[in-house]
Amino acid sequence: MPKLKTHRGAAKRFKKTASGKFMRGQSKMRHILTSKETKTKRKLAASVLVSDADHKKVARMIPYA
């Protein structure tokens, strides 16, 4: 069976944890930050887990992660 190609865009956006789950960054942190509360920005800066519904799709895009 041939090697699988990694989706390079996905590889830059997701990281695999030691337990096999995937971490992702959160949206709404690129611009218009002056109108957002400090508390909101602090919470959005943290990475979160990819949902169970999307886990299979992400795993397929990054086969060797």
Side-chain angles (χ1 to χ4, degrees):
M1 190 163 166
K3 292 180 184 177
L4 298 172
K5 285 200 172 184
T6 298
H7 188 290
R8 298 310 296 163
K12 293 168 188 174
R13 287 170 171 81
F14 302 104
K15 299 289 178 216
K16 197 169 191 181
T17 63
S19 62
K21 296 176 182 179
F22 289 100
M23 297 294 289
R24 65 167 177 85
Q26 298 192 72
S27 61
K28 305 197 190 306
M29 276 294 285
R30 293 291 181 194
H31 61 116
I32 316 176
L33 297 173
T34 53
S35 61
K36 292 181 176 71
E37 287 188 10
T38 306
K39 181 179 176 182
T40 303
K41 290 187 280 190
R42 190 167 57 244
K43 289 191 174 207
L44 289 173
S47 295
V48 291
L49 288 173
V50 170
S51 68
D52 293 335
D54 296 324
H55 185 272
K56 194 173 179 181
K57 288 182 226 172
V58 175
R60 189 174 178 196
M61 288 191 281
I62 315 172
Y64 304 111

Atom pair NZ (Lys41) and OG1 (Thr34), whose distance is rounded to the nearest 0.5 Å
7.5 Å
For the atom pair CG (Leu44) and CD (Glu37), what is the distance rounded to the nearest 0.5 Å?
11.5 Å
Stepwise side-chain contact (heavy atoms from CB on, under 4.5 Å) check, Gln26 with Arg24
CA-CA 7 Å; Gln26 298 192 72; Arg24 65 167 177 85; 4.1 Å; yes
Answer whether the closest heavy-atom distance between the side chains of Met23 and Val48 falls below 4.5 Å.
no
For a side chain to side chain contact (heavy atoms under 4.5 Å, CB included) with Leu33, tell me which candidate from Met29, His31, Arg30 qualifies.
Met29
Should His55 and Lys57 count as side-chain neighbours, where that means a heavy-atom distance under 4.5 Å?
no
Working to the nearest 0.5 Å, report the span between CZ of Arg13 and NE2 of His7.
8.0 Å
Please give me the minimum heavy-atom distance between Ile62 and Phe22, naming the atom from each residue.
CD1-CE2, 4.4 Å
Lys43 atom NZ, neighbour heavy-atom count above 12 within 6.0 Å
no
Looking at every non-hydrogen atom in both residues, tell me the closest pair between Lys28 and Lys36 and how far apart they are.
O-CE, 3.2 Å
